[in-house]
Amino acid sequence: MDYTPGNIEQKWRDHWKAEGTYKVSNDSDKPKYYVLDMFPYPSGAGLHVGHPLGYIASDIYARYKRLNGFNVLHPMGFDAFGLPAEEYALQTGIHPATSTKDNMERYREQLSALGFSFDWDRDLYTCDPKYYKWTQWIFAELFGHYYDQTAKKALPISELEKIFAASGNKQVKAANSYKGKFTAEEWKAMDKVTQADTLMAYRLAYRKVGYVNWCEELGTVLANDQVKDGISERGGYPVVQKAMKQWYLRITAYADRLLYDLDEIDWSDSLKTIQRNWIGRSEGASLFFDVKDSDEKIEVFTTRPDTTFGVTYMVLAPEHDLVAKLTTEGQKQKVADYIAKVNAKSEVERMAEKEVTGEFIGAYAINPFTNTAVPIWIGEYVLKDYGTGAIMAVPSDDERDNRFATKFGLEIIDVVDKSKYPSATLNDKVGIIKNSGFMNGMEVPDAITAACKKAEEMGIGEMHINYKLRDANFGRQRYWGEPFPVMYDADGLAHVMKVDDLPLVLPDTEDFKPAKGGRSPLARMEDWTNLPNGMTRETDVMPAVAGSSWYFLRYMDPHNDEAFVGQDAVNYWQDVDLYVGGSEHAVAHLMYARFWHKFLHDKGLVPTNEPFKKLVNQGMIQGVIEFIFLDKNSPQDARRFVSADIAEKEADGDFAKIPVHVDFVSNYGSPKSYLSKEGIEKFIDWRKEYKNATFETSNGTYQNGESAADINMLTLSEVGKMSKSKFNVINPDAVINRYGTDCFRMYEMFLGPIEQAKPWDTKGIDGVSKFLKRYWGLFFDKNEKWSLSEEAPTKDELKILHTAIKKVTHDIERFSFNTCVSAFMVCSNDLRKWRCNKRAILKEMTILLAPFAPHVTEEIWNRLGESGSVHHAAYPVFDEAHLKEDSIEYPISINGKKRGVAEFSSDASKADIEAAARELAVVKKWSVEDGKQIRKIIVVPGRMVNVVVG
RNA sequence: GCCGAAGUGGCGGAACUGGUAGACGCGCUGGAUUCAAAAUCCAGUUUCCUCGGAAGUGCGGGUUCGAUUCCCGCCUUCGGUACCA
């Protein structure tokens, strides 16, 4: 009987659904295991072959754990709010709620077709009010807390109010953005608004004015990672810096814990390094410089306080608050011109700017160690958001300062003698301090300590730890997101809504398009915004990252209306044991999720300090993008296209690379990919503006339907991200229809290591398909009749089986699924050779294979007459005894080069083997017969023998 | 520039903690079956020559009885990031 996946697979998927095979209970005696995929954003393009890679891997692992007696939580849901959803809705003219719902349906269908063992009863989506009720609640809780640096945890803001009333803020060690100190009396004397503003500077969710990436075209603020090269990632519109009052989350309060707790989780070193660099902790000093003839002080952060004697000028960011105050009359025009020049530049130009620019503002600061006056400049190389937005410049010991000083002819005082460290570069923190008064003769690290001590004594600074990490901008002037559960009273003070009043449902409207000039779409809905009690609602919405920062907790208890997650549920499931997803989320999502989790942990609502115990990043499956070349100088009404080989020959030609839809290309993905005559016609039909174009190839030219039949327009193939906009999306449906889901799953695993990026290519899929047919064939005789032997297995058969059990188990544990597939192939090839059809062997092999090919193994399990599902069977037990051999074949190496093999008893001693090896013909041949002597024999038991001759 | 990852047959890739380099699969070659083809099955397949060897895991060194694996110095590719004080 032939193996026909089409008949088997749907049948079993229906069966599993009806039986609730993958339903998981929170009430179990089994140990728990939580396997999670990063939930997808349901885009309009549907699922492509890249999506399932990680899902297949995690599904195999989940099934493997289930077979090993774990109660496995393996859920799936959708990240359905956010900018892309709204963009898609804008493109199609369909309401975001409708399009998102349709897309989710499509994704659910496609995911179901892949045979994943998700418990769909726990399905969630972030735009569901039942879900975002709790997103809003967590936000409200963040608003209601501050971070106490002594307790190293979040505490209710009411505690802080008590402290302020009792002793002001002088003793308080808390994460804050408040400038200055006040006493209890001063606190009590403050009016309501000032008190509220003060508390705001301590809250974990707070409002402040900040510079944001403003995109006028999209009418919204964009996150840094939504901006690429100064233009918006979606749409490619210009982005400018704009000051706006926004909601922020004080993630910096958790910087140290986010950094140090990386040590306790099982993530790859490279990913931990990325997070460490993002947090960017640096130790140094915060120093205050007096300004000559002014009461103002300039605060700088420096990692090199030891070089303070070398400070010959200061640089402020052009946007720094003091610029306006300190610029002298004579310099005003020049400074204004410079700032205008910087602001007028798009981000892309500013980044491309390699030239050193700056302007003197006319004022001077006093170097506190030398008491000399140094000029104050502004320069775009000083960033407003990093450190204090101001630097002390040490041109002798900092490369950028050096370039700046050289360009503008500023003084350079050499303060570090690096002659002892000839390989050190200008920026390296080594050397002996000179020209620096009390620090002269000290090594750099000692001088840093001495400088900090001195600054503290003088009252002009102190040791300071600075982070690159910045607080998260949390507001979007958008429609498709969670509304903030915030109302403003007549004084403009923010009040958060109580849990019983949540969710605050996103009001329905057809007018969801972004508004120009910074107004949120919700601001137009006055009925909703203006409340009967005179309060007004916040009209910004939350960013997409809100919903994804805690969804992993909701799966534990998805239908709970009383809490974001029940305490019983979270105490049972604890945390995610295995999290699988793409490395593009290495920073933003994983950082915010860790932050929220830690906050909830501080509140005693989750038992664990970290959400994701182990993390595996799957590599991206790339697509091949195919191009032809357009001659830019050809006239508009007679465009000239040339094939890739011609473009290469005409190296001086001026060509634009035009992407071609991969559906038109013959030999897609190979170096010989080309457009046939039919392909060119499809291209013209797709891009009608080119219908009069000529297509030049090395075997003739196509124009207006005329060309040789065998015309061969070579295309240029480039590997890149699979994306709708690059016309190279490959949908899995065709492959699944032809080969079946089990084959598709195994083939994706067989492609290579899971964490490695690789281009999609179906070249090798026949090999996997053959394997499944042969596995199936093991159960049938020559006449294609079911034929199974009940005989006891032989030693050799048991060895084949247990070799596979050992290899597959070991490789699943280390996420090496490609080698698992080859182990299965080896096993089935061997069993076939022995014509083994014994139940005792094949039953165990079927269980072993079940996580990889869930459908065909279930069918076989059923035909074997076994009860229940193969996916609830007991995992095969490995027995080392079956692998034991009486004798072992040793490679015999002469001077490290293999020259032959010899068999020795498996319990022969080292000395026995050495003695026997001396007598081997092959050894004699390479020693005495070659005029050489045996110097030494190395025997590694069970491994090899190496004879050293000379 | 910095950080991270990786360079192995015609191709995707194996090789556990330094121990037979090229598992497994694709492709290719030859054969069987067939009127023929597809499918299937069997055998071969790193390169080079004098058929006994020689060379060989990006390049150049080193450590070792033995290196794809460890160390030093380069080159290339991919990913991330950027005037980060």
Side-chain angles (χ1 to χ4, degrees), chain A residues 2 224-225 268-274 276-278 280 282 284 300-304 307 315 350-351 353-354 356-357 379-383 385-394 397-401 403-404 425 427 466-470 583-584 586-587 617 619-620 622 670-671 719 747 750-753 755-759 761-771 773-774 777 806-807 810-811 814 816 818-827 829 832 889-901 935-950:
Chain A
D2 279 346
N224 282 329
D225 53 293
S268 72
D269 286 338
S270 56
L271 190 63
K272 286 184 182 182
T273 305
I274 292 170
R276 285 191 187 107
N277 291 344
W278 182 268
S282 57
V300 301
F301 171 74
T302 177
T303 55
R304 298 297 305 275
T307 62
V315 187
R350 211 163 145 173
M351 284 206 296
E353 184 62 77
K354 290 285 167 231
V356 177
T357 68
E380 60 183 327
Y381 84 102
V382 175
L383 304 180
D385 280 334
Y386 186 74
T388 62
I391 62 155
M392 58 178 226
V394 184
D397 224 53
D398 182 282
E399 216 174 296
R400 285 153 310 157
D401 294 349
R403 280 205 302 271
F404 194 87
T425 65
N427 287 334
N466 191 55
Y467 297 94
K468 202 168 118 184
L469 183 72
R470 287 173 220 162
S583 54
E584 66 270 23
V587 189
N617 276 134
M620 193 179 287
Q622 297 154 314
S670 87
V719 170
Y747 180 60
F750 192 53
L751 276 176
E755 65 278 4
Q756 192 174 299
K758 54 228 152 202
D761 174 5
T762 52
K763 260 197 322 219
I765 198 166
D766 283 335
V768 176
S769 178
K770 269 184 221 167
F771 158 74
K773 284 180 193 160
R774 287 169 178 178
K806 185 183 185 183
K807 173 82 177 154
H810 179 246
D811 287 356
R814 62 187 186 111
S816 176
N818 55 331
T819 52
C820 287
V821 177
S822 64
F824 283 122
M825 288 171 170
V826 171
C827 178
N829 287 346
R832 229 158 52 93
E889 194 175 80
Y890 280 79
I892 308 298
S893 297
I894 314 292
N895 288 347
K897 192 89 197 162
K898 186 191 161 195
R899 295 297 177 187
V901 288
R935 304 270 176 211
K936 200 172 168 185
I937 295 182
I938 290 121
V939 177
V940 183
R943 282 282 184 192
M944 45 69 70
V945 176
N946 190 23
V947 182
V948 185
V949 302

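Protein chains get the first letters and strands the later ones, always in sequence-line order, with residue 1 at the start of each.
In the set B/rG25, B/rC26, B/rA14, the nucleotide with an atom closest to the side chain of A/Asn818 is B/rA14. Of all nucleotides listed (B/rG53, B/rA85, B/rA14), B/rG53 comes nearest to the side chain of A/Arg899.
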Identify each atom pair where a protein N or O and an N or O of nucleotides 15-21 of chain B are less than 3.5 Å apart, giving names and distance.
from, atom 1, to, atom 2, distance (Å)
B/rA15, OP1, A/Arg814, NH2, 2.9
B/rC16, N3, A/Arg943, NH2, 2.7
B/rC16, N4, A/Arg943, NH1, 2.3
B/rC16, N4, A/Arg943, NH2, 2.1
B/rU20, O2, A/Lys898, NZ, 2.8

Do any N or O atoms of the protein come closer than 3.5 Å to N or O atoms of nucleotides 1-6 of chain B, and which pairs are they?
from, atom 1, to, atom 2, distance (Å)
B/rC3, O2', A/Asn277, ND2, 3.3

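Residue A/Gln756 places none of its side-chain N or O atoms closer than 4.0 Å to OP1 or OP2 of B/rG12. Side-chain nitrogen and oxygen atoms of A/Asn829 include at least one within less than 4.0 Å of the OP1 or OP2 phosphate oxygen of B/rG25.
Across B/rU69 and B/rU17, the matching C1' atoms stand 11 Å from one another, rounded to whole Å. Nucleotides B/rC11 and B/rU57 have their P atoms positioned 16 Å apart, rounded to a whole Å.
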Pairing string of RNA chain B (Watson-Crick or G-U wobble, both atom distances under 3.5 Å; | = paired to other strand) is (((((((..(((......[....)))((((((.......))))))((((..))))..(((((..]....))))))))))))....
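In this structure a side-chain-to-backbone donor-acceptor pair under 3.5 Å is present from A/Lys468 to A/Asn277.
A/Ser282 contributes atom OG, which lies 4.0 Å from atom CZ of A/Phe301 (distance to the nearest 0.5 angstrom). The line from CE of A/Met825 to CZ of A/Phe750 is 4.0 Å long, rounded to the nearest 0.5 Å.
Applying the salt bridge (Lys or Arg N to Asp or Glu O under 4.0 Å) rule to A/Arg276 yields the partners A/Asp263; only residues at least two apart in sequence or on another chain are considered. With sequence neighbours excluded, no residue forms a salt bridge (Lys or Arg N to Asp or Glu O under 4.0 Å) with A/Lys806.
Using a 4.0 Å cut-off between charged nitrogen and carboxylate oxygen, A/Lys807 and A/Asp811 count as a salt-bridge pair.
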Candidate pair A/Val901 and A/Ile892, rule side chain to side chain contact (heavy atoms under 4.5 Å, CB included), full reasoning: CA-CA 5 Å; A/Val901 288; A/Ile892 308 298; 5.6 Å; no
Quick tally for nucleotides 38-44 of chain B: nucleotides whose base has a protein heavy atom under 4.0 Å get B, sugar-phosphate-only ones S, the rest -, giving --SSS--
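Nucleotide B/rG9 is shown with a syn base, its glycosidic torsion being within 90° of 0.
A/Val949 and A/Arg935 get closest at one heavy-atom pair: C-CG, 4.1 Å.
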